[in-house]
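Only one structure is covered here, and it is reproduced in the block below.
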2 protein chains.
Amino acid sequence: MREGKQEFAEWLASRKLRVTGERMAVLDEVMRANGHIDIDYLQEQFRKQKRPVSRATIYRTLSHLVQSGLVQKVLTGEGQARYEKMYGRQHHDHMICLGCGEIIEFTNDEIERLQDWVCHKKRFTIVTHTLQIKGFCEKCSAQKASVEGGATDHRRHGRN
Amino acid sequence: MREGKQEFAEWLASRKLRVTGERMAVLDEVMRANGHIDIDYLQEQFRKQKRPVSRATIYRTLSHLVQSGLVQKVLTGEGQARYEKMYGRQHHDHMICLGCGEIIEFTNDEIERLQDWVCHKKRFTIVTHTLQIKGFCEKCSAQKASVEGGATDHRRHGRN
DNA sequence: ACAGATATCGAGACTCAATCTCAACACAAG
DNA sequence: CTTGTGTTGAGATTGAGTCTCGATATCTGT
Ligand SMILES: [Mn+2]
Ligand SMILES: [Mn+2]
Ligand SMILES: [Zn+2]
Ligand SMILES: [Zn+2]
């Protein structure tokens, strides 16, 4: 049986929601994918499999998957939201490359601890947090360095 | 002279852009505001002052202000983007209350240091970072606790 | 297995923030 | 004044995400 299928079915049942083929198909695809995927990717997969699922249903199912905790929604601030499986995985934060778009995951327990501490001081009850670091991955940093080697080019740094 | 006016004028000139009344009006309003404001707020201010500025111009000018570093764009992930002045201020992160929408600012040098360290280990060149903690402020935490005092209500925790 | 009650699906309309288009305008330089 | 170029605003456009509602699939009891 596919990863998380049991858990999602139980979560749906606990809310008196129905276990449908479309919902399980969306679950399967997110679980099969390794990275941070978007809606277009999912629609493309369903098209290939000759098992089309409407955008509305994909969005609705992803919302359920996120609420169930099996999937996480990632807002990069450019274009569509991305989704990644969280079933069997632990919390992590993201480094996003402005050059190639690669998303690098990392965790740091000390940072997490300090967040809790800061919130405790401010009497703030944490529900979730998002730490995104934007910059350039090793590969893109090297490229950038070589390009800027001759004439120092200060144009196009930010992106709106 | 209004805060940042000199700096913005110089930044515009350095890009061969013109110092116009509309641009300075947008700068003034963002500098005058104390909090994290959105486009609707700015339009309302201009309407009150009988000095209307079009949405297009507001967006375009904010983009320039962000690129110049005088203003920061804050994406909360719900509705419009927000903007806050950064002129004369230092970097900070945000706690966002899911109850009342309040935005609490905080800084923690140790967290910043650890971010640098993690990125160094991954050979990632930092450009910017965003740390947002979502949860409930002191006031809203108390309200929530009293409401849930009797029957434990597990509905409606997330939002989308 | 069957039937009724009800949740779900899909196509497309719709919302809304943000961007784009382009004609009228402003302004600096000659 | 005239020309060249940057700017503005009204409205059109884009695009992600949501909503509507008639048709359809799932569940529950018999
Ligand atoms: Mn991830
Ligand atoms: Mn702030
Ligand atoms: Zn890269
Ligand atoms: Zn609050």
Side-chain angles (χ1 to χ4, degrees), chain A residues 5 8-30 36-47 49-68 71 73-83 158-160, chain B residues 8-27 29 36-47 49-68 71 73-83 101 158-160:
Chain A
K5 191 164 280 186
F8 191 35
E10 284 171 6
W11 185 86
L12 288 170
S14 77
R15 300 255 179 143
K16 296 202 169 65
L17 299 174
R18 290 175 181 169
V19 179
T20 67
E22 288 84 354
R23 282 173 177 166
M24 287 305 156
V26 173
L27 171 69
D28 272 8
E29 280 315 316
V30 181
H36 305 77
I37 64 180
D38 59 22
I39 269 70
D40 286 343
Y41 171 84
L42 289 174
Q43 265 196 323
E44 176 65 6
Q45 295 304 309
F46 293 134
R47 193 192 59 70
Q49 296 170 28
K50 305 237 171 97
R51 178 69 209 293
V53 179
S54 74
R55 276 199 325 289
T57 297
I58 297 177
Y59 276 115
R60 287 186 286 231
T61 303
L62 284 171
S63 176
H64 288 139
L65 285 167
V66 168
Q67 284 176 51
S68 76
V71 169
K73 187 177 187 176
V74 180
L75 300 171
T76 66
E78 19 200 285
Q80 300 139 290
R82 293 179 171 280
Y83 297 85
R159 40 184 57 192
N160 179 286
Chain B
F8 191 35
E10 284 170 6
W11 184 88
L12 288 170
S14 76
R15 301 256 179 143
K16 295 201 170 67
L17 300 174
R18 291 177 181 166
V19 178
T20 67
E22 288 84 353
R23 284 173 176 164
M24 287 305 156
V26 173
L27 171 69
E29 280 314 316
H36 305 79
I37 64 180
D38 58 22
I39 270 71
D40 286 344
Y41 170 84
L42 289 174
Q43 264 196 323
E44 175 66 7
Q45 296 305 121
F46 293 133
R47 194 194 56 70
Q49 297 170 29
K50 305 238 171 95
R51 178 68 208 294
V53 179
S54 75
R55 277 198 323 290
T57 297
I58 297 176
Y59 277 115
R60 288 187 285 232
T61 304
L62 284 172
S63 176
H64 287 139
L65 285 167
V66 169
Q67 284 176 51
S68 76
V71 169
K73 186 177 188 176
V74 180
L75 300 171
T76 66
E78 18 199 286
Q80 301 141 290
R82 293 179 171 281
Y83 297 85
R159 40 185 57 194
N160 174 285

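Keep in mind that the numbers below use all heavy atoms, side chains included, and drop hydrogens, waters and symmetry copies. All chains are named by letter (A, B, ...) in the order of the sequence lines, taking the proteins before the strands, and each is independently numbered beginning at 1.
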Taking every heavy atom of B/K73 against every heavy atom of B/A81, the minimum-distance pair comes out as CE-CB, 3.8 Å
In whole angstroms, the gap separating C1' of C/dA18 from CG of B/L75 amounts to 12 Å
Sorted by chain and residue number, the side chain to side chain contact (heavy atoms under 4.5 Å, CB included) partners of B/E44 (sequence neighbours excluded) come out as B/R47, B/K48
B/T57 versus B/T20: any side-chain heavy-atom pair under 4.5 Å?
-> no
B/Y41 atom OH is separated from C/dA17 atom P, nearest whole Å, by 18 Å
Rounded to whole Å, the OH-P distance (B/Y59 to C/dC16) equals 13 Å
Taken to the nearest whole Å, CZ/A/F8 to P/C/dT8 is 10 Å
Rounded to whole Å, the CG-C1' distance (A/L62 to C/dC9) equals 15 Å
Computed from five pairs at either end and rounded to 10 degrees, the angle between the axes of the helix from C/dA1-D/dT30 to C/dG30-D/dC1 is 30°
To the nearest angstrom, the CD1-C1' distance between A/I39 and D/dT18 comes to 12 Å
Closest heavy-atom pair, A/S68 versus A/F8, reported as atoms and distance to 0.1 Å, is OG-CD1, 4.4 Å
Per-nucleotide protein contact along nucleotides 2-10 of chain D, 5' to 3', at a 4.0 Å heavy-atom cut-off (B base, S sugar-phosphate only, - neither), is --BBBSBBB
**Message:** With heavy-atom distances below 4.5 Å as the criterion, would you say the side chains of B/V26 and B/L62 are in contact?
**Reply:** yes
When A/D38, A/L42, A/I58, A/I39 are each screened for side chain to side chain contact (heavy atoms under 4.5 Å, CB included) with A/Y83, the one that passes is A/I39
- prompt: Quick one: are A/K5 and A/D28 in side-chain contact, heavy atoms under 4.5 Å?
  reply: yes
